[in-house]
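Encoded as structure tokens, the structure appears first; notes follow it.
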Amino acid sequence: MIILVCQSGSRKDAGQVFFYSEAEGKGFVSLIMAQAQPAAITTENVSGIVDRILGDNGEKYANADRGLIASACVFALAAHEGQKRASGEPYVSHSFEVARILADRRLDASSIAAGVLHDTIEDGWMDGRRITQEELTAAFGPEISGLVQGVTKISSLQFGSRREQQVENLRKMMLAMAKDIRVILIKLADRLHNIHTLRHLPPEKQLKIARDTMDIYAPLANRLGMTRVKSELEDGAMRFLHPNDYRDISRHIDMKKAERDAIVMNSIRELETEIVAHGLRAEITGRSKHLYSIYIKMTTDSLAFDDIYDLIGLRVICYTVPECYEILGIVHNMWRPIHGRFKDYIAMPKENMYQSLHTTVVGRTGERIEIQVRTAEMHKFAEEGIAAHWKYKEGKTGRHELEEKLIWLRQLTEWLNDVRDPAEFMDALKKDLFADTVFCFTPQGDVIELPAGATPIDFAYSIHTRLGEMCSSARVNNKMVPLRHKFHNGDFVEIITAKTAHPTRDWLDIVKTSRARTKIRHWLKTQNLPENIERGRDMLAKAMRARGIPVEWQKTEELLAPHFRNYKVAGFDELLGEIGFGGLDPASIILRAFPDAEAPAKAQPRKAPRRKTSQGVILDGIPSAPIRYANCCAPVPGDPIIGFVRGRAVNIHNRGCASLARTLETQEATSKLVGAEWDTQHPPMRRVNIRIECLDRKGLLTDVTGAITSMNIFILESKTKSKSAAAILKFLIEVKSADQLNQLFNQLRQVKGVLNLSRITRNDQN
């Protein structure tokens, strides 16, 4: 075996690194680096450490790989000599555990060595000083040194700081990922071991690490397809963020374990018998929900533990894709499938490369059983995500294939580089990285993955910027829909364009993806640049006067010029344009240029130039007028609205109201339009008609009305109609906002038998 040896003393090669062969020596190495002289390290000791790190996968690594990992172990032992963790264990034990986690996922030797060394730059000491990246590069080369440096940068990020710094830190992490994805794999292994040993830290550190884990690292592991890591991180963080719930759920699971295990074993035997009878082979195992997923289901749906019926799961691993579908048919013939609980991620893989068939069935004794069917190759990716691409396969890591499948990461990094506003950055990150997704089809049958709630504008921009800019409407499943329409899984989408169409500010309220938002903002900025520059100049001057700073443009430009690069602008006019468009805050810019300026005097509240009505709407330019809500579109707080003067009253419409559009065409009445927005301080209660299509069953009406009233929503009227196995339920309800209505729809979708939900207006009946 080859191990790393560092010699020092009077030799000319003191401090140099070279390799030592056990076969050529006496089996003993003395590691001396200046004053640092840890206990003698024998080749047997190092060999034992490497064996523990590689575990059952040891035979997969060549001797040269083992030597590289051994070299890293020797270096880490010296770098962390005498250091202890909060638990009292040697500090280096953490480094070895991180490497073991990486080896357990069979990552390449460079990643494992970097895992051993991941803390040496941040916390390692030799000769009474910190270890430098240059020294690490000299010892292990630029690849491993670069990985360690990337992990060190991520480790130094503080996500709990002020919003601007938090955003910048997240941006740095995304850039480190895009450069070499192994950096985040090592960091996730580091966080995984830290979360398992969190009990040794003070309570305030426990909460901070647990919160960062839940907010940043677990969603990131999920986005990278690393299901097992994501589940471990969430359960570990939950233990400290929600300790009482963690204990209660653990206790309930332990109490019912025997009963659940019996059902799982009986189900496995039944399914195995049927699969063999059809001449197939498959491996079937039981699968349990992790604690945090149970907690989320309980809190989201307001359920008690005993009300969760799908805690039982089976996983079927076969050999080919056709066998997956054949086994799915066997499952559905054996047990009754639950409507709406089947998902085909083989035909439409998730963007993180996950593939599997999911279905939920009702077992012999009435229990729900979640079943996943996949091939062995799919199972590797399902468990390890992108880490599976670094596993050894005929001496290759599959890096080129991985880079092709991580296009979304490069795109996300590109888009986030264009975003200047911290709030917009956070919004983009949550929507593009941590959001649930829907799969839609182009007319040619290509699959487009978008965040949940995405609209035709998002779809158009995901294909091409020009298509997005010319988007005028869309046809979904051969039915014309407005640009505000939200997609569902499996929708077939055709974008309708027009030469006269172009982005508007309203589109920013509609889109969900950061790509679409960035492109729209860029179009609006470039088309209205002169107006934005003048507006920005006024805003900056106002901010300067508020702090008692003389408005001297030449001096201000000179003071701000060194900061143009930070704001990603080429000059002062472009900076003013960004301010005028709303992309930069003038107050924060003033602080950069005039850090010693006095704080602005507290402004006296002034009367708003617009009138607030008693009905929850703010109108532009009308001193007094009665408000009426249009029945044709039935606007709800949260919908974009506009006023239309009719007689002495102002009718409030949705901006996309078809009836209002026809009125404006026939009467040329655009002069009667009045700007309007909701009074967020005093939002009105609004009546809304909803329509629910269901599979009829006993107790359906009770379950549906219970779901509505459980959200403190009042039912004013109800109508039901049943024919054959179908039922149509119509309700007139009272809601506070569009958000509350969306939450209600999400609640109703959980009711057994509910197929479709819609909001009814008179426009829908035209």
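A heavy-atom distance below 4.5 Å is not found between the side chains of I728 and T720. Side chains of H196 and E232 form a contact here, defined as non-hydrogen atoms less than 4.5 Å apart. Counting only heavy atoms from C-beta outward, the side chains of D509 and P640 never approach each other to under 4.5 Å. In this structure, K719 and L729 have side chains that are not in contact, with every pair of non-hydrogen atoms separated by 4.5 Å or more. Using a 4.5 Å cut-off on side-chain heavy atoms (C-beta onward), P684 and P637 make contact. A 4.5 Å side-chain heavy-atom check between L357 and R374 finds every atom pair outside the cut-off. By the 4.5 Å heavy-atom criterion applied to side chains, N333 and E274 are not counted as neighbours. Inter-residue side-chain proximity for L716 and I733 is flagged as unmet; no heavy-atom pair is nearer than 4.5 Å.
Between the side chain of R515 and the backbone N or O of Y461, at least one donor-acceptor pair lies under 3.5 Å. A distance-only check finds no donor-acceptor pair linking the side chain of S231 to the backbone of R228 [under 3.5 Å]. Remark: the backbone N or O of C657 is not paired with any side-chain donor or acceptor of N654 at under 3.5 angstrom. With hydrogens and angles ignored, the 3.5 Å screen pairs a side-chain donor or acceptor of Q740 with a backbone N or O of K736. For the pair T761 (side chain) and C632 (backbone), a donor-acceptor distance under 3.5 Å is present.
Once rounded to the nearest 0.5 Å, the distance linking OG1 of T513 with CD1 of I457 reads 9.5 Å. Atom CG of L188 sits about 15.0 Å away from atom NE2 of H193, to the nearest 0.5 Å. Between I284 atom CD1 and M265 atom CE the span is 10.5 Å, to the nearest 0.5 Å. For the atom pair L450 CG and T455 OG1, the distance stands at 8.5 Å (nearest 0.5 Å). Atom CG of N266 sits about 4.5 Å away from atom CZ of R269, to the nearest 0.5 Å. To the nearest 0.5 angstrom, L241 atom CG is 11.5 Å from I209 atom CD1.
What you find for K752 and L700 is that their closest heavy atoms are O-CD1, 3.9 Å. C440 and V493 make their closest contact through CB-CG2, 4.0 Å (heavy atoms, listed as atom of the first residue, atom of the second, distance). Minimum interatomic distance between I195 and G236 (heavy atoms only, all atoms of both residues): CG1-C, 3.7 Å. Considering all non-hydrogen atoms of both residues, L328 and F342 come closest at CD2-CE1, 3.4 Å. In plain terms, the two heavy atoms of I369 and G363 that are nearest each other are CD1-CA, 4.1 Å. Residues K230 and A218 share a closest heavy-atom pair of CG-O, 3.5 Å.
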_Show, in sequence, the C-alpha distance, side-chain angles and deciding distance for V362 and I338, and conclude whether the side-chain contact (heavy atoms from CB on, under 4.5 Å) test is met._
CA-CA 7 Å; V362 179; I338 296 176; 3.8 Å; yes

*Dump the intermediate steps for side-chain contact (heavy atoms from CB on, under 4.5 Å) on V481 and S473, then the final yes or no.*
CA-CA 7 Å; V481 298; S473 59; over 6 Å; no

_Chi angles and distances behind the salt bridge (charged side-chain N to carboxylate O under 4.0 Å, His left out) call for D639, R686_ = CA-CA 12 Å; D639 294 337; R686 293 287 296 127; over 6 Å; no

*Any chance you could lay out the side-chain contact (heavy atoms from CB on, under 4.5 Å) test for L107 and L185, step after step, and finish with the verdict?*
CA-CA 9 Å; L107 266 70; L185 300 183; 3.7 Å; yes

*For Y217 and K187, run side-chain contact (heavy atoms from CB on, under 4.5 Å): C-alpha distance rounded to whole Å, both residues' side-chain angles, the deciding distance at 0.1 Å, then the answer.*
CA-CA 9 Å; Y217 293 105; K187 182 58 191 176; 3.6 Å; yes

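Under the salt bridge (Lys or Arg N to Asp or Glu O under 4.0 Å) criterion, E734 pairs with no residue at all, not counting sequence neighbours. Not a single ring-ring contact (aromatic ring centres under 6.0 Å, His included) links H332 to another residue, sequence neighbours left out. Applying the ring-ring contact (aromatic ring centres under 6.0 Å, His included) criterion to F441, with sequence neighbours excluded, gives F492. Taking Y292 as the reference, Y295 meet the ring-ring contact (aromatic ring centres under 6.0 Å, His included) condition, with sequence neighbours excluded. A search for ring-ring contact (aromatic ring centres under 6.0 Å, His included) contacts involving Y345 returns Y354, H358, not counting sequence neighbours.
If you check the side chains of R191 and T213, you find a donor sitting under 3.5 Å from an acceptor.
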Could you go through residues 312-321 and list every donor-acceptor pair under 3.5 Å that involves a side-chain atom there, pairing it with any protein atom two or more places apart or in another chain?
residue, atom, partner, partner atom, Å
R315, NE, Q372, OE1, 3.1
R315, NH2, Q372, OE1, 3.3
T320, OG1, E323, N, 3.3

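Using a 4.0 Å cut-off between charged nitrogen and carboxylate oxygen, K486 and D458 do not count as a salt-bridge pair. Between R691 and E693 there is a salt bridge, since at least one side-chain N of the basic residue sits less than 4.0 Å from a carboxylate O of the acidic one.
Atom OH of Y325 is surrounded by more than 12 heavy atoms from other residues, nucleotides or ligands within 6.0 Å.
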